[in-house]
Amino acid sequence: MAKKKTNNSSTSTSNYSLVKVCAFWGVVLAGIAGLVSFILNLLGKCGVHIDWGNKVAGACSLIAQIALFVSAWLAAWDYVKYKSQGWRIIFWVFFVLGLLGLVGLGLGTWF
């Protein structure tokens, strides 16, 4: 009789792929934001001042933070979804605090 193969993995492939995609694009956007900030700071040291440059660098940084937050959020939810209710409550409390932090970053970028 053939042995039955079981899959004990708690991570679904679609969720895991989404985590990978968000993490990849978060890293790419963080790199772009770092490059833009570096170039703008270098231009500032050379005496060239671009008024809208800080907003562009801030927007790139905010988008990168959102992508990284989403990937971390999905991975964290996959970790706590089968745990006790206390762990899920802790997850949601810190998720909301993380969202408030992103909103604060957005406010600092655009205003």
Side-chain angles (χ1 to χ4, degrees):
M1 194 149 109
K3 291 184 179 180
K4 185 176 179 182
K5 188 176 182 180
T6 60
N7 185 4
N8 293 332
S9 176
S10 64
T11 306
S12 67
T13 9
S14 63
N15 191 14
Y16 190 60
S17 297
L18 184 59
V19 171
K20 288 180 181 179
V21 168
C22 290
F24 171 76
W25 285 108
V27 168
V28 168
L29 291 171
I32 291 171
L35 179 65
V36 168
S37 295
F38 174 75
I39 291 171
L40 291 173
N41 286 334
L42 189 62
L43 288 174
K45 297 286 184 195
C46 295
V48 178
H49 181 69
I50 301 173
D51 291 332
W52 50 268
N54 288 336
K55 287 191 178 193
V56 170
C60 289
S61 179
L62 178 64
I63 292 169
Q65 291 293 326
I66 290 171
L68 292 172
F69 181 76
V70 168
S71 65
W73 173 70
L74 289 171
W77 175 250
D78 195 48
Y79 174 72
V80 300
K81 69 182 174 184
Y82 297 115
K83 296 217 177 269
S84 66
Q85 185 177 6
W87 282 105
R88 291 190 303 265
I89 289 171
I90 290 170
F91 168 81
W92 285 111
V93 167
F94 284 98
F95 173 77
V96 169
L97 292 175
L99 282 180
L100 290 175
L102 287 175
V103 169
L105 282 174
L107 291 176
T109 300
W110 299 107
F111 299 108

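This is a predicted model, so every value here is computed, not measured.
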(request) Hey, could you give me the CG/CH2 distance between Leu97 and Trp92, rounded to the nearest 0.5 Å? (result) 13.0 Å

(request) First locate atom CG of Leu42, then atom CG of Leu35, and finally report the distance between them rounded to the nearest 0.5 Å. (result) 10.5 Å

(request) With sequence neighbours excluded, tell me which residues meet ring pair (Phe, Tyr, Trp, His ring centres under 6.0 Å) with Trp87. (result) none

(message) Could you see if Leu68 belongs to whatever hydrophobic cluster contains Val36? Use Ile, Leu, Val, Met, Phe, Trp, Tyr and a side-chain cutoff under 4.5 Å.
(response) no

(request) Over all heavy atoms of both residues, which pair between Arg88 and Lys81 is shortest? Give the atoms and the distance, please. (result) NH1-O, 3.7 Å

(request) Locate the shortest heavy-atom distance separating Gln65 from Leu102; write the atom from each residue and the value. (result) CB-CD2, 3.8 Å

(request) With sequence neighbours excluded, tell me which residues meet side chain to side chain contact (heavy atoms under 4.5 Å, CB included) with Ile90. (result) Phe94

(message) Under 4.5 Å between side-chain heavy atoms, counting indirect links through other Ile/Leu/Val/Met/Phe/Trp/Tyr residues: same cluster for Trp77 and Phe95 or not?
(response) yes

(request) Apply ring pair (Phe, Tyr, Trp, His ring centres under 6.0 Å) to Tyr79 and list each qualifying residue two or more places apart in sequence or on a separate chain. (result) none

(request) Evaluate the side-chain proximity of Trp25 to Val28: yes if any heavy-atom separation is below 4.5 Å, no if none is. (result) yes

(message) Please report the interatomic distance NZ(Lys83) to CZ(Phe91), rounded to the nearest 0.5 Å.
(response) 13.5 Å

(request) Could you tell me the separation between the CG atom of Leu99 and the CH2 atom of Trp73, rounded to the nearest 0.5 Å? (result) 9.0 Å

